[in-house]
Colleague: 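Please read through the structure below; I'll follow up with questions.
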Amino acid sequence: MEPGLYTKNEILSQPEAWADALDQVEHRKAPLRKILDGDTQQVLFTGCGSTYYLALAAASLFQEMTGRIARAVPASVLLLDSRSVLTSGKSMLVAISRSGSTTETVRAVEHFKAHSRGEVLAITNYADQPLAGLADEAVIIEKGQEQSVAQTRSFASMYVASTALAMLAAGREESRASMYLLPRAGEMLLAQYHPLAREVGRNRTIDSFFFLGSATRYGLASEASLKMKEMTLSNSEPFHFLEFRHGPMSMIDDHTLVVGLLSEKNDRHERAVLDEMREKGAQTLELSESRGEVSFNSGIAEEVRGVLYLPVLQLLAFYRSLEKGLNPDCPKNLAAVVKLSF
Ligand code: F1P
């Protein structure tokens, strides 16, 4: 079979999964609002690999929107070092997993519930796996299911769901309603920038990648970096935008691509970093609402359009994988789900 057939279809069809995510939150908004309104000291987000990076992105946005303490921890830390995470009071746990069967995530939820630490909300793509059954509430996005090992459509669908949940928790119903413009914006983005992603993906003068993003965009930058590792076996690292100057920039040369997930509110400060890196010889790629090589031109508010950073970066990794003669559908050394015998 043609290498990457599954991955390409999953990337290009993801706007449908975004719409499904929005519908699932809408359909269950009453019980979801109830669990989100719980009086807890903190809201914990957890997952593994891609879904830990999703937890980072989701926790940052949730706290920004609600003013409540929210943090992300890998499921293995919540399970094995829970005293470094839990407080004396109640927490709410948002457990994120494409498969719903990753051992660390399932065991961390079981441990959290066994010690009555609070309620659990699951975001997943499979209803018939352990996680959905363990949770007090679940957002299940079946259109996000995928054959490929590296998450693309699934990740984006669960990130859209987590964004909609943050808006629900913050009572920002207009913002949540505006998210229904995202699938169309995503279709246009994929059509307009598919050639650019292919061109950059095929550029063999690049041999290392840095993805820069701050706040919710740091989790997205981390996911984009993981895609580059999983699909293309390339050196790749994420950093908070201005952190890059504090040492890591020593690594750049003219074989480096620095990808900026630019925000609107801090565009000036972030763009200055990219300008400096270009002066030092790096190649750069700017993604932003209106002033980048990749411009969304979505007209959608910054706090609800984070998913728009993903499609072009997923395609970038996809085309680099093929250029290197790899098969993005089945990355080296990886399985779709990590099962452990604890
Ligand atoms: C978590 C995960 C993925 C990773 C790989 C192995 O899966 O670590 O993030 O990319 O596919 O599994 P899940 O808990 O989200 O199903």
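Ligands are counted one by one from 1 in listed order, and the atoms in each one are counted from 1 as well. Only this structure's heavy atoms are used, side chains among them; waters, hydrogens and symmetry mates stay out. Counting from 1, the numbers follow the sequence of the chain as shown.
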Colleague: Below 4.0 angstrom, N of the basic side chain to O of the carboxylate: do Glu137 and Arg33 qualify?
Modeller: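 Arg33 and Glu137: not salt-bridged.
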Colleague: In the protein, what heavy atom is nearest to atom 2 (C) of ligand 1, and what distance, to one decimal place, separates them?
Modeller: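 Atom 2 (C) of ligand 1 sits closest to the protein heavy atom Cys48 O, 3.9 Å.
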Colleague: At what distance is the nearest protein heavy atom to atom 12 (O) of ligand 1, and which residue and atom is it?
Modeller: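 So the nearest neighbour among protein heavy atoms is Ala336 O, 3.4 Å.
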Colleague: What atoms of ligand 1 come within less than 4.0 Å of a heavy atom belonging to Arg98?
Modeller: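 This gives 11 (O), 13 (P), 15 (O), 16 (O) as the contact atoms.
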Colleague: Parallel, tilted or perpendicular: which fits the ring planes of His111 and His115, with parallel below 30° and perpendicular above 60°?
Modeller: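 It falls in the tilted class, 30° to 60°.
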Colleague: Identify the closest protein heavy atom to atom 14 (O) of ligand 1: which residue and atom is it, and at what distance?
Modeller: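 It is Thr102 OG1, 2.6 Å.
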Colleague: Would you say Ile96 and ligand 1 have an N/O pair spaced under 3.5 Å apart?
Modeller: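 Not met; the criterion fails.
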Colleague: For this output row, return yes or no: ring centroids of Phe241 and Tyr218 closer than 6.0 angstrom.
Modeller: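 Distance test on ring centres: not under 6.0 Å, no.
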Colleague: Compute the shortest N/O to N/O distance between Val149 and ligand 1 and return yes if it is under 3.5 Å, no if not.
Modeller: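 Yes, Val149 has an N/O under 3.5 Å of an N/O on ligand 1.
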Colleague: Under 4.0 Å from a heavy atom of Gly49: which atoms of ligand 1 are those, numbered in the order shown and with their elements?
Modeller: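 Answer, ordered by atom number: 8 (O), 9 (O).
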Colleague: Contact between Arg176 and Val304 at the side-chain level, heavy atoms closer than 4.5 Å - yes or no?
Modeller: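 Sidechains of Val304 and Arg176: no contact.
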Colleague: Where does Ser101 meet ligand 1, judged by heavy-atom distances below 4.0 Å: at the side chain, the backbone, both, or neither?
Modeller: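 No part of Ser101 comes within reach of ligand 1.
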Colleague: For Ser236 and Met228, which heavy atoms make the closest approach, and how far apart are they?
Modeller: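 Ser236 and Met228 have their closest heavy atoms at OG-CB, 3.7 Å.
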Colleague: In this structure, is the centre-to-centre distance between the rings of His194 and Tyr319 below 6.0 Å?
Modeller: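 Centroid separation for Tyr319 and His194: below 6.0 Å.
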Colleague: Can you check whether Thr51 has an N/O within less than 3.5 Å of an N/O in ligand 1?
Modeller: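 Checking ligand 1 against Thr51, an N or O pair does fall under 3.5 Å apart.
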Colleague: Where is the nearest protein heavy atom to atom 10 (O) of ligand 1: which residue, which atom, and how far?
Modeller: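 Result: Glu230 OE2, 2.8 Å.
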Colleague: Note the single closest protein heavy atom to atom 3 (C) of ligand 1, along with its residue, its atom name and the distance in Å.
Modeller: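 Protein heavy atom at minimum distance: Gln151 NE2, 3.6 Å.
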Colleague: List every atom of ligand 1 that sits less than 4.0 Å from any heavy atom of Ser50, numbering the atoms from 1 in the order shown and giving each element.
Modeller: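 What qualifies from ligand 1 is 9 (O), 10 (O).
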Colleague: Ignoring hydrogens and geometry, is there a side-chain-to-backbone donor-acceptor pair from Asn235 to Ser208 under 3.5 Å?
Modeller: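 Flag not set: sc Asn235 to bb Ser208 has no pair under 3.5 Å.
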Colleague: Heavy atoms only: give me the nearest Gly201-Leu316 pair and the separation to one decimal.
Modeller: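 Result for this residue pair: N-CD1, 3.4 Å.
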Colleague: Please enumerate all residues that pass side-chain hydrogen bond (donor to acceptor under 3.5 Å, both in side chains) together with Ser60, with sequence neighbours excluded.
Modeller: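 With neighbours one apart ignored, the set is empty.
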Colleague: Below a 4.0 angstrom heavy-atom separation, can you tell me which part of Ala335, side chain or backbone, both or neither, approaches ligand 1?
Modeller: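 Backbone only.
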